[in-house]
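Here's the structure, in structure tokens; my notes come after.
On a predicted model such as this, the values are computed, not experimentally measured, just so you know.
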Protein chains: 2
Amino acid sequence: MTLRDVAEAAGVSEMTVSRVLRSRGDVSAQTRERVFAAARKLGYVPNKIAGALASNRVNLVGVVIPSLSNMVFPDVLAGIGEVLDETPLQPVIGTSKYDDDLEEKVIYEMLSWRPSGLIVAGLEHSDAARAMMANAGIPVVEVMDVDGDPVAACVGISHLEAGRQMAREIAARGYRKIGYCGSSSIKDHRAQKRRQGFEQGLAEAGLSLTDACLYAGTSGFGTGRGMTAEILGRTPDLDFLYYNSDINAAGGLLYCLEKGMDIPGRIGLAGFNSFEVLDGLPMRIATMDSQRHDIGRRAAELIAANALTNEVVTLAPVFLPGDTVR
Amino acid sequence: MTLRDVAEAAGVSEMTVSRVLRSRGDVSAQTRERVFAAARKLGYVPNKIAGALASNRVNLVGVVIPSLSNMVFPDVLAGIGEVLDETPLQPVIGTSKYDDDLEEKVIYEMLSWRPSGLIVAGLEHSDAARAMMANAGIPVVEVMDVDGDPVAACVGISHLEAGRQMAREIAARGYRKIGYCGSSSIKDHRAQKRRQGFEQGLAEAGLSLTDACLYAGTSGFGTGRGMTAEILGRTPDLDFLYYNSDINAAGGLLYCLEKGMDIPGRIGLAGFNSFEVLDGLPMRIATMDSQRHDIGRRAAELIAANALTNEVVTLAPVFLPGDTVR
DNA sequence: GTGAAAGCGCTAACAA
DNA sequence: TTGTTAGCGCTTTCAC
């Protein structure tokens, strides 16, 4: 089923069919109707492969993220989608599973489709991936994080600063024996930066981390619960726990409540990300809104504007005290 | 940057370059090296658009799901990804936002790229969408649900039967005043089928639904909490609550525990889906594993095998009693 | 083992 | 307003 078939059925040239189906140029209402009728009758679906090759235009935007299971990324995608819905552009998602080599392959695959733009999560990539992004000749935006050396445009928050700010909030509230619960994966660059900023912030307040508990695997209530049990078992006099994610913090919260601990008096808790699903826990967890929806929007806006810039857009995360800090 | 550039740099024909880069046919080791070197030096990225047009092969599999925010679908995608990772095929995701017209457009867009297969969630589609799927000429698989009239191959569970089975389990455990909490959206076909099956199952046990509470919007702890407060406020003597989703059930669980209710004695709770993140709640919620990971795998296997069949694969959901039923 | 010619289905550019 | 021509970058096919 090709344009030619439709053209024959409608008794016009292929070019006229092409014009009608793309609403380009002037075509008489009568011809247009005949073409539409023929296309509909034949169930014609245009071949974008051929169209893209001929026009040298591909209305796709590659989006490379580590994972879809981490609730952070669907929110970024939602922001991207909102903006691209107003344009002819369509996002195409690829996942890197937190693996730089796989990310490189995914980026390569995407670029081989000659998309109109590329959005990649994070600033840490293989040299080859960085080279591809730099030479892609299309708008490329690195998202989520601004602490590093972007190859291209960049939209995100400073996770270092987010950690530092959290430390300041905690210190100002008089917590002194502070523990950290997070991922042991060095691949989780942003969580590592938050922890680093957090420790810096504590140092600036004359404090330091008393204990830390790390896990391998996925975040979850069970994970948060387990880490909390472990760290409090080891260091019972901690008066604050900072978690890499709200999900883990929620597990910790449930654990502490079950143990009858006074929150936020005896112990305070804070997480990161601000997930809407969690509204409805016994207490609202102190957290920081990571602005991921806006990050998606801003990145998509740069792509939609065909901006070949290297500008860095730094958004400010917002501290939400909730109920788990004094 | 085209094949021609690489060919010139390597001093061979375009055809030889093409063969080397696709590892097709016999090329001398020496020539192959020269070509690789040239390609690497130039940073050549093949143009899949042109390749696809010439070879009439597109190694993409379209996957159309309602939403990425609903944790159900990332699990299905993970199953699909696992299988396709063993093949040259790549999934491309599109979302319909629970809108039949949008779904139709997304399917149309996908088919216009001439993918090697198509996976679509659900059995309810516009007539045009059904026609496209029937005439796509590629393997098409409808997933999640088997209660209905598939156009193509189909892999899923019976949500009617899942609801019925849950009703049997509840009735067998002696619960008698039963409430349902779920979505008011008629677009959530599978939840509607579970409810319908649930009511049938209750009827078979000589019972009926005492009350129901519906919400518009997204599921979440807050939503579950709110529905639970409302339905128990209205009908305080309910002894069981069946939720459309574990997420809402979790909110209900937290609410009931706060009110000091005896679970599962005074009241029992059950949800649907079995989400791993929720392991770690104060009690394990009674639920049903929806087999979504396997559904993804089986669907992808049909695509990978290039199966142009209309077979229906019915998987069996598994009842998990947890701690919230007697 | 390598190359030349033709053409995939469409659109840009120009002609009528 | 409509049609004609050329060609996008690759792969298929066939020749050497």
For this session: Looking at every strand, decide which applies to Arg19(A) at a 4.0 Å heavy-atom threshold: base, sugar-phosphate, or nothing.
Result: base

Problem set entry | Polar contact flag, side-chain donor to acceptor under 3.5 angstrom, Ser28(B)-Arg32(B) | no

Exercise. Arg57(A) side chain to Gly51(A) main-chain N or O, any donor-acceptor pair under 3.5 Å?
Worked result: no

Exercise. Is Asn56(A) touching bases, backbone alone, or none of the nucleic acid, heavy atoms closer than 4.0 Å?
Worked result: nothing

Exercise. Do Tyr44(A) and Asp5(A) come close enough that some side-chain heavy atom pair is under 4.5 Å?
Worked result: no

Exercise. Looking at CG of Leu302(A) and CZ of Arg298(A), how far apart are the two atoms once the value is rounded to the nearest 0.5 Å?
Worked result: 7.5 Å

Problem set entry | Nucleotide nearest Ala50(B) (side chain, heavy atoms from C-beta), chosen from dC10(D), dT1(D), dT12(D) | dC10(D)

Seminar exercise, completed: Ile49(A) atom CD1 is separated from dT11(D) atom C1', nearest whole Å, by 14 Å

For this session: Kindly say if Thr16(A) contacts the phosphate of dT1(D), meaning a side-chain N or O under 4.0 Å from OP1 or OP2.
Result: no

I'd like a table of donor-acceptor pairs (distance under 3.5 Å, sequence neighbours excluded) in which one partner is a side-chain atom from residues 131-153 of chain B, with atom names and distances.
| from | atom 1 | to | atom 2 | distance (Å) |
| --- | --- | --- | --- | --- |
| Asn135(B) | ND2 | Ala131(B) | O | 3.0 |
| Glu142(B) | OE1 | Val151(B) | N | 2.6 |
| Glu142(B) | OE1 | Ala152(B) | N | 3.3 |
| Glu142(B) | OE2 | His125(B) | NE2 | 2.8 |
| Asp145(B) | OD1 | Asp147(B) | N | 2.9 |
| Asp145(B) | OD2 | Lys193(B) | NZ | 2.4 |
| Asp147(B) | OD1 | Ser158(B) | OG | 2.9 |
| Asp147(B) | OD2 | Ser158(B) | OG | 3.3 |
| Asp147(B) | OD2 | His159(B) | N | 2.9 |
| Asp147(B) | OD2 | Leu160(B) | N | 2.9 |
| Asp149(B) | OD2 | Arg130(B) | NH2 | 3.1 |

Exercise. Between Lys97(B) and Asp85(A), is there a salt bridge with N-O shorter than 4.0 Å?
Worked result: yes

For this session: Take the protein atom CZ of Arg4(B) and the nucleotide atom P of dG9(D), then report the distance between them rounded to whole Å.
Result: 10 Å

Problem set entry | Residues Lys48(B), Glu109(A): salt bridge by 4.0 Å N-O rule | yes

Problem set entry | Nearest-nucleotide pick for Val12(A), side chain only, options being dG3(D), dG7(D), dG9(D) | dG3(D)

Exercise. For Ser55(B) and dT11(D), is the shortest distance between a side-chain N/O and OP1 or OP2 below 4.0 Å?
Worked result: no

Problem set entry | Protein-nucleotide distance (Arg24(A), atom CZ; dT2(D), atom C1'), rounded to Å | 17 Å

Exercise. Within the pair Arg22(B) and dT11(D), is there a side-chain N or O less than 4.0 Å away from OP1 or OP2?
Worked result: yes

For this session: Mark yes when over 12 heavy atoms from residues, nucleotides or ligands other than Glu276(B) sit less than 6.0 Å from its CD; otherwise mark no.
Result: no

Exercise. Would you find more than 12 non-hydrogen atoms of other residues, nucleotides or ligands less than 6.0 Å from Arg22(A) atom CZ?
Worked result: yes

Problem set entry | Outermost DNA chain C nucleotides near chain B [under 4.0 Å, heavy atoms] | dG1(C) to dG9(C)

Problem set entry | Distance in angstrom units between Leu3(A) CG and dT4(D) C1', rounded | 15 Å

Exercise. Rounding to a whole Å, what distance do you find between Met15(B):CE and dT11(D):P?
Worked result: 7 Å

Exercise. Does atom CG of Asp127(A) have more than 12 heavy-atom neighbours from other groups under 6.0 Å away?
Worked result: no

Seminar exercise, completed: Comparing Gly11(B) with Lys48(A), nearest DNA chain C nucleotide closer to 5' gives the residue Gly11(B)

Exercise. Roughly, in whole Å, what's the span from CD in Glu14(B) to P in dT13(D)?
Worked result: 18 Å

Exercise. For dG9(D), does OP1 or OP2 lie under 4.0 Å from any side-chain N or O of Thr2(B)?
Worked result: no

For this session: Please give the angle, rounded to 10 degrees, between the axes at the start and the end of the helix from dG1(C)-dC16(D) to dA16(C)-dT1(D), where five pairs define each axis.
Result: 30°

